[in-house]
Amino acid sequence: EALIHPERGRSLGLIEGAKVVVVTGTGRSVYRAKLTEAVDPEVVVVPNGWPGEANANRLTSTEGLDPISGFPRLRGLVCRLEPGGR
C-alpha cells in the first residue's frame, strides 16, 4: 500500500484500494492506495521489501549513495503519482 493523504488522493481521482503508480526519475512501482490523514498532503509513503511491481528499489538508484555507509537514498525522493497501473 502507498499511504496518500485523502486530499491528494481526491485530486488524482483515487479511491481507497485503487491502483496508483509512483514514478521517480529512476523508475516506477505500482501500489494500492491507502488514503490516510496520517501523512502530509505533499508526501507519499511506500513500503520496502516487496517483490514485483511494488518493489520500492525501482524508485531509487545507486547514484547519490551515502559516502560513508554506501546506503542508497530511500527517503526524500521526488516523485509523481499516476492513477491506474497495469
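One is the number of the first residue; the rest follow in order along the sequence.
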**Message:** Can you list everything that forms a salt bridge (Lys or Arg N to Asp or Glu O under 4.0 Å) with Glu42? Sequence neighbours excluded, please.
**Reply:** Arg8

**Asked** For the side chain of Ser29 and the backbone of Asn55, is there at least one donor-acceptor N/O pair under 3.5 Å apart?
**Response** yes

**Request:** Give the other cluster members for Val39, using side-chain heavy-atom distances under 4.5 Å between Ile, Leu, Val, Met, Phe, Trp and Tyr residues; answer none if it is isolated.
**Result:** Leu3, Val43, Val45

**Residues in side chain to side chain donor-acceptor pair (under 3.5 Å) contact with Arg10, at least two apart in sequence or another chain** = none

**Complete:** Nearest heavy-atom approach of Leu12 to Pro83 is O-CG, 3.5 Å

**Asked** If every non-hydrogen atom of Gly9 is compared with every non-hydrogen atom of Leu35, which pair is closest and at what distance?
**Response** CA-CD2, 4.1 Å

**Item:** Minimal non-hydrogen separation, Lys19 against Val30, with atom names
**Value:** CD-CG1, 4.1 Å

**Listed partners of Arg32 passing salt bridge (Lys or Arg N to Asp or Glu O under 4.0 Å), at least two apart** = none

**Message:** Could you report the tightest heavy-atom contact between Glu1 and Pro47, atom names first, then the distance?
**Reply:** O-CD, 3.0 Å

**Fill in**
Note: Ile15 and Ala33 closest approach over all heavy atoms is O-CB, 4.1 Å

**Pair Arg28 + Glu82: basic N to acidic O under 4.0 Å** = yes

**Message:** How close do Ala56 and Asn48 get, counting heavy atoms only, and between which atoms?
**Reply:** CB-CA, 4.4 Å

**Asked** Hey, mind stepping through Leu59 and Val22 against side-chain contact (heavy atoms from CB on, under 4.5 Å) and telling me if it holds?
**Response** CA-CA 8 Å; Leu59 304 175; Val22 179; 4.0 Å; yes

**Prompt:** Would you call Thr26 and Thr60 a side-chain contact if the rule is heavy atoms closer than 4.5 Å?
**Reply:** no

**Asked** Tyr31 side chain to Val20 main-chain N or O, any donor-acceptor pair under 3.5 Å?
**Response** no

**Asked** Would you say Ile4 and Thr36 make side-chain contact, with heavy atoms under 4.5 Å?
**Response** no

